[in-house]
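Accompanying notes for the structure given below.
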Protein chains: 2
Amino acid sequence: MRPDDLPQIRELNIFKGISEESFDELMRASFLQTFPAQMELIEEGEPADFLHVVVEGCVELFAQSNGRESTMAMVYPVSSFILAAIMKDAVYLMSARTNKKSRVLMIPAVSVRHVFDTDPAFSKAMVIELSSCYRGVVKEHKNLKLRTSVERLANRILRYRQKQQNDQITLPYDKKILASNLGMTPENLSRAFNTLKPYGVKVEGNKITLSDVEQLAKFAKPSKLIDDQSV
Amino acid sequence: MRPDDLPQIRELNIFKGISEESFDELMRASFLQTFPAQMELIEEGEPADFLHVVVEGCVELFAQSNGRESTMAMVYPVSSFILAAIMKDAVYLMSARTNKKSRVLMIPAVSVRHVFDTDPAFSKAMVIELSSCYRGVVKEHKNLKLRTSVERLANRILRYRQKQQNDQITLPYDKKILASNLGMTPENLSRAFNTLKPYGVKVEGNKITLSDVEQLAKFAKPSKLIDDQSV
DNA sequence: CCTTACAATTGATATTTATCAAGACACTGT
DNA sequence: ACAGTGTCTTGATAAATATCAATTGTAAGG
């Protein structure tokens, strides 16, 4: 850990309000490391040794079984991942790889658990973080069980529009990953985009242009309890 | 709350190790209530007022969107549900109804949050419970994204076999709910059972008889990281 | 006891989604 | 610049899953 990284780290939400001693203990054995794209950080089934926090870049969480692979989530700064495995001292349920060059803070599991037990501010922050993650997965699960693939895509486009505050949208990662994340094949994602053409969705590479948001929303029928990240 | 219920409640895992004051505070405004089957306890979108704990019976968590409905999980004693909403002071993401006559402990959200802030043993218990729930949903999500419907059914049957320690299995609830929980229609569940007939799966009403567990397991390819509830 | 309602199954069909194959395109590293 | 690699798209086809309709069986309520 380079000393000049510390002030930036200290500002992270998960460390807000915790004592200097706690922060020191957490940082003592931690690493803040920069990884190139496509670097596997975690493999599912391994014991959870470190709590990972994406500080910069983007990390893909994925799972494998029976020769199949699926993107479970994309993690952006500043969020931790696989906190539950740390708290339960269990194995990772998902694998993680960088999607682009990323800076990742790695805090030893034992430190996390110890400070959790001794610093109420930290345990509070951890529980909020964990709750957010939990609700995120529940929403994803509802998304998958209650919608068709085209509906999922339409709602995802609306989410990007919301986030980027623009009717001209840039897809944040490859369509292949987007497809997997949305629970479909790349071929089907292509066709889903075509299906949305009548609703004013124009695709050019990784740029999406929306010309009739109202119609698109009417089709997508977004729900706060699935799509709203702040709820 | 009837006084003679208290000792039983006190033994629950989520109260293990917490102080008498904390326990008293939690119980003071709590209810332990018996509900008939098919009673709606929670509606998604409502503010999270109470932490619910299933003490006896069985509760179905389900979600609705766009005219569709899907069973998200079945909750058995002794587990809480929708803890994350309580901790975040947010709205429920799922609805809940009793599946059979059930006893449910209802603890006011404000008490939960207050005791969480003041009693480390309780915050520890809450975080373990929350982590378990989180990992449960992740496994469900993997199940849905990485397997076909017949594979999901096969693995579910193996799980019941494990739990009931018997090759003669009793389905714990209606096939309609099972189908929805597994992410398929009732019609398809019927057909999926037929597909499994060559693997020694015989169905008679809500009784399943397995005559070739080895072949079934070979087909199902169960994975610890999806099917093992203790991992 | 009858009636009603609904779960469950089955068949026929439609829709959705995946797979396979091929070609266009873009990016990377030498 | 160019070969090589992998993404993306499109078409043809196959597989998985849903829908619709009809029937049986079963359990609850009057």
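The sequence lines fix the lettering, A, B, ..., with proteins before strands; numbering per chain opens at 1.
- Under the 4.5 Å side-chain criterion, counting only non-hydrogen atoms from C-beta, A:E151 is in contact with B:N66.
- Between A:R103 and A:T34 the shortest side-chain heavy-atom distance falls below 4.5 Å.
- In this structure, the CG atom of A:N206 is 12 Å from the C1' atom of C:dA26, given to the nearest Å.
- Using a 4.5 Å cut-off on side-chain heavy atoms (C-beta onward), B:L153 and B:M184 make contact.
- Contact check for A:Q8 versus A:V55: side-chain heavy atoms found under the 4.5 Å cut-off.
- Looking at A:F219 and A:P198, their side chains never come closer than 4.5 Å, going by heavy atoms from C-beta outward.
- Taking atom NZ of residue B:K145 and atom P of nucleotide C:dA18, one finds them 11 Å apart after rounding to whole Å.
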For a quick test of your reading: what N or O donor-acceptor pairs under 3.5 Å do the side chains of residues 136-146 of chain B make, sequence neighbours left out?
{"unit_1": "B:K139", "atom_1": "NZ", "unit_2": "B:D228", "atom_2": "O", "d": "3.1"}
{"unit_1": "B:K139", "atom_1": "NZ", "unit_2": "B:V231", "atom_2": "O", "d": "2.8"}
{"unit_1": "B:H141", "atom_1": "ND1", "unit_2": "A:H141", "atom_2": "ND1", "d": "3.1"}
{"unit_1": "B:K142", "atom_1": "NZ", "unit_2": "A:E44", "atom_2": "OE1", "d": "2.8"}
{"unit_1": "B:K142", "atom_1": "NZ", "unit_2": "A:L93", "atom_2": "O", "d": "2.7"}
{"unit_1": "B:K142", "atom_1": "NZ", "unit_2": "B:L225", "atom_2": "O", "d": "3.4"}
{"unit_1": "B:N143", "atom_1": "OD1", "unit_2": "B:R147", "atom_2": "NH1", "d": "2.9"}
{"unit_1": "B:K145", "atom_1": "NZ", "unit_2": "A:S70", "atom_2": "OG", "d": "3.3"}
{"unit_1": "B:K145", "atom_1": "NZ", "unit_2": "A:T71", "atom_2": "O", "d": "2.7"}
{"unit_1": "B:K145", "atom_1": "NZ", "unit_2": "A:S180", "atom_2": "O", "d": "2.8"}
{"unit_1": "B:K145", "atom_1": "NZ", "unit_2": "A:N181", "atom_2": "O", "d": "3.0"}

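- For the helix from C:dC1-D:dG30 to C:dT30-D:dA1, the axis fitted to the five pairs at one end and the axis fitted to the five pairs at the other end meet at an angle of 50° (nearest 10 degrees).
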Quiz prompt | Evaluation steps, side chain to side chain contact (heavy atoms under 4.5 Å, CB included), between B:F35 and B:L41 | solution = CA-CA 9 Å; B:F35 296 99; B:L41 304 177; 3.6 Å; yes

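- Within the 4.5 Å cutoff, the side chain of A:Y173 has heavy atoms near those of the A:L178 side chain.
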Exercise. Apply side chain to side chain contact (heavy atoms under 4.5 Å, CB included) to the pair B:Q229 and B:Q162, showing each step before the final yes or no.
Key: CA-CA 11 Å; B:Q229 313 233 254; B:Q162 181 76 15; over 6 Å; no

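- At a non-hydrogen distance threshold of 4.0 Å, A:G183, A:M184, A:T185, A:E187, A:N188 from residues 178-190 of chain A come into contact with DNA chain C.
- Between B:L210 atom CG and B:L196 atom CG the span is 9.5 Å, to the nearest 0.5 Å.
- Of the inter-residue distances, the one linking B:I82 atom CD1 with B:E46 atom CD reads 11.5 Å to the nearest 0.5 angstrom.
- For the pair B:N99 CG and C:dA7 P, the interatomic distance rounds to 12 Å; values are reported in whole Å.
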Distances under 3.5 Å between nitrogen or oxygen atoms of protein and nucleotides 28-30 of chain C:
none

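- With a heavy-atom cut-off of 4.0 Å to chain B, the contacted part of DNA chain D has its first and last nucleotide at D:dT17 to D:dC20.
- With a 4.5 Å cut-off on side-chain heavy atoms, B:L216 and B:R161 do not count as touching.
- OP1 or OP2 of C:dA7 sits under 4.0 Å from a side-chain N or O of B:K176.
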Practice problem: Could you go through the side chain to side chain donor-acceptor pair (under 3.5 Å) check for A:S95 and A:E43 one step at a time? | Solution: CA-CA 4 Å; A:S95 302; A:E43 191 182 342; over 6 Å; no

Just the atom pairs and distances: protein N or O near nucleotides 12-16 of chain C's N or O, under 3.5 Å.
{"unit_1": "C:dA12", "atom_1": "N6", "unit_2": "B:R191", "atom_2": "NH2", "d": "3.2"}

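- Between B:L105 and B:M27 there is a side-chain heavy-atom pair separated by less than 4.5 Å.
- Using bins of under 30°, 30° to 60° and over 60° for the plane-to-plane angle, the ring pair B:Y92/B:H52 lands in the perpendicular bin.
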